[in-house]
Amino acid sequence: MVRDVAAKAGLPSDFLWGFATAAYQIEGGATADGRGPSIWDTFCKIPGKIADGSSGDVACDSYHRTAQDIELLQKTGAKAYRFSISWSRVIPKGGRNDPINQAGIDFYVKLADDLLAAGITPFVTLFHWDLPDELYKRYGGFLNKDEFVADFAHYSRVVFEALGSRVKHWITFNEPFCSAILGHSIGAFAPGHTSDRTKSAVGDSSREPWIVGHSILIAHAHAVKIYRDEFKARDGGEIGITLNGDWTEPWDPNDEQDRIACDRKIEFAICWFADPVYFGRYPESMVKQLGERLPTFTAEESELVKGSNDFYGMNHYCANYIRHRGDAVVADPDDFSGNMDILFEDKFGNSIGPETQSFWLRPHAPGFRKLIKWLSDRYGRPKIYVTENGTSIKGENDLPMEEILEDDFRLEYFRSYITAMAEAVAEDGCDVRGYMAWSLMDNFEWAEGYETRFGVTYVDYENGQKRYPKKSAMEMKNIFDQFVGKV
Ligand code: GBH
């Protein structure tokens with residue numbers, strides 16, 4: 001008989017929990033007060049790119065409704081709120097010699113002030129995918145490392161200067177994997193490059209995602225250096241990068257190659273960025289499989305990037321089964337995973353988790369604890385903030401509102417994932433200090449438009465963007481009360 005011994009679970013008493021959003025997904029106000037277009041404004045206009053043909057033009061209209069958003073946060077008892085800044089609101093054309101838009105800065109200063117007045121700690125992301133369109137047109141955006149790094153450094157400095165006395169938690173980039181792979185290989189995200197472009201900005205489209213990743217790493221490191229050199233003494237805050245990554249289980253648990261491929265999948269998704277940030281170099285498996293497609297760090301770059309995290313920002317949603325294919329150098333420009341199959345069922349037909357509205361998302365809470373431990377072991381127990389975690393629900397959008405508000409599936413997801421995280425802290429000695437659920441409210445879900453809802457709050461897009469908290473919004477505090485102060 002197997003006795004079920006409950007794992008210990010707990011979180012520190014000053015644990016920061018709350019909710020996350022991103023500018024383009026919630027703000028709307030696309031042309032309000034001098035905002036310039038981003039690559040997402042342009043991308044949404046391409047027929048067929050967004051499932052319901054929509055855009056972030058209006059979204060949740062948060063640009064005009066921050067008071068309501070803060071009220072929502074207060075109702076839930078949240079201690080923290082993660083939002084992102086629209087670069088093209090602050091500098092409409094984006095560049096270091098382009099004019100600054102004071103109205104854009106004022107909007108975020110007021111938001112931070114109002115949050116603080118409400119007793120909510122702001123976590124600010126400098127970049128959540130919405131590159132000023134002008135920088136893409138001018139020099140190819142991320143593909144031009146030197147220009148991009150200089151412009152991002154300038155933008156960061158402008159924001160630190162304006163918000164530094166209020167904001168003590170900074171995230172440079174959200175999920176560079178997505179800008180690189182979805183933006184420059186799959187083409188599902190802006191700017192929509194695919195690996196079959198006959199004429200690539202860098203001469204060989206199969207190299208683009210890795211060049212994008214490299215530029216973002218260097219830009220991240222520069223922003224961190226600027227913060228540490230020019231602002232940290234004055235403001236006393238902390239700064240890091242946010243990376244996405246799923247947990248992996250072997251398709252055949254008895255196959256050594258599948259088990260190795262599991263690690264390789266995490267290396268290709270997460271360590272691509274985290275190894276440079278902690279060790280100053282790319283993972284061996286990537287160097288081996290990508291060959292010359294992977295850029296190399298100069299000694300100076302390596303020095304700059306190494307050590308550029310005060311905390312690890314973790315976005316985590318799900319898990320997959322992994323089946324090894326090969327470990328030769330990957331010639332296929334579409335292969336960005338490291339030569340493996342990513343599956344929802346294992347060899348025996350077991351499913352990793354139930355379906356959701358997102359084709360890629362199958363909840364599997366035990367993977368959260370395992371990944372937190374995996375990362376903590378590899379990077380020396382860094383301080384971790386979970387900067388996103390959440391789920392969509394299959395068919396949710398087709399239900400009447402009263403049923404959408406009873407989101408037990410989402411609530412169960414949060415309960416099981418937060419428990420797994422609290423076990424990683426109490427049992428495995430991992431240093432998790434905060435957790436921000438994705439998302440405070442239903443919003444523009446990128447290529448899926450408004451059909452997929454990730455919010456703990458229902459947004460009625462047909463009736464003036466009115467907000468209605470779902471059950472999960474109101475239960476979050478009860479979940480955390482169970483764990484906070486118990487380690
Ligand atoms: C987050 O990314 C985003 O940060 C957030 O803005 C978004 O709203 C949220 O997810 C919900 O989607 O095309 O097969 O490569 C989550 C990580 C990584 C999930 C890329 C989707 C695409 C699968 N994402 N992944 S694939």
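Residue indices begin at 1 and follow the sequence shown. Numbering of ligands and ligand atoms starts at 1, following listing order.
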**Student:** Residues around ligand 1, heavy atom under 4.0 Å from any ligand atom, sorted by chain and number. Can you pull those?
**Tutor:**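 For ligand 1, the residues that come within the 4.0 Å heavy-atom cutoff are Gln25, His128, Trp129, Asn174, Glu175, Cys178, Leu182, Ile186, Asn244, Asn315, Tyr317, Phe359, Trp360, Glu388, Trp438, Glu445, Trp446, Phe454.
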
**Student:** Show, in sequence, the C-alpha distance, side-chain angles and deciding distance for Asn315 and Asn174, and conclude whether the side chain to side chain donor-acceptor pair (under 3.5 Å) test is met.
**Tutor:** CA-CA 9 Å; Asn315 285 1; Asn174 179 73; 3.0 Å; yes

**Student:** Do Phe177 and Phe273 make the cut of ring centroids closer than 6.0 angstrom?
**Tutor:**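 When the ring centroids of Phe177 and Phe273 are compared, they turn out to be at least 6.0 Å apart.
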
**Student:** Please work out whether the ring planes of Trp17 and Phe19 are parallel, tilted or perpendicular, with thresholds of 30° and 60°.
**Tutor:**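 Rings of Trp17 and Phe19: perpendicular, over 60°.
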
**Student:** As a test of understanding, state which of Glu238, Arg433, Arg82 forms a side chain to side chain donor-acceptor pair (under 3.5 Å) with Tyr385.
**Tutor:**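 Output: one option passes, namely Glu238.
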
**Student:** Relative to each other, are the rings of Phe148 and Phe152 parallel, tilted or perpendicular (30° and 60° limits)?
**Tutor:** parallel

**Student:** In this structure, which one of Lys265, Lys347, Arg325 forms a salt bridge (Lys or Arg N to Asp or Glu O under 4.0 Å) with Asp341?
**Tutor:**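 For Asp341, the salt bridge (Lys or Arg N to Asp or Glu O under 4.0 Å) test succeeds with only one of Lys265, Lys347, Arg325, which is Arg325.
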
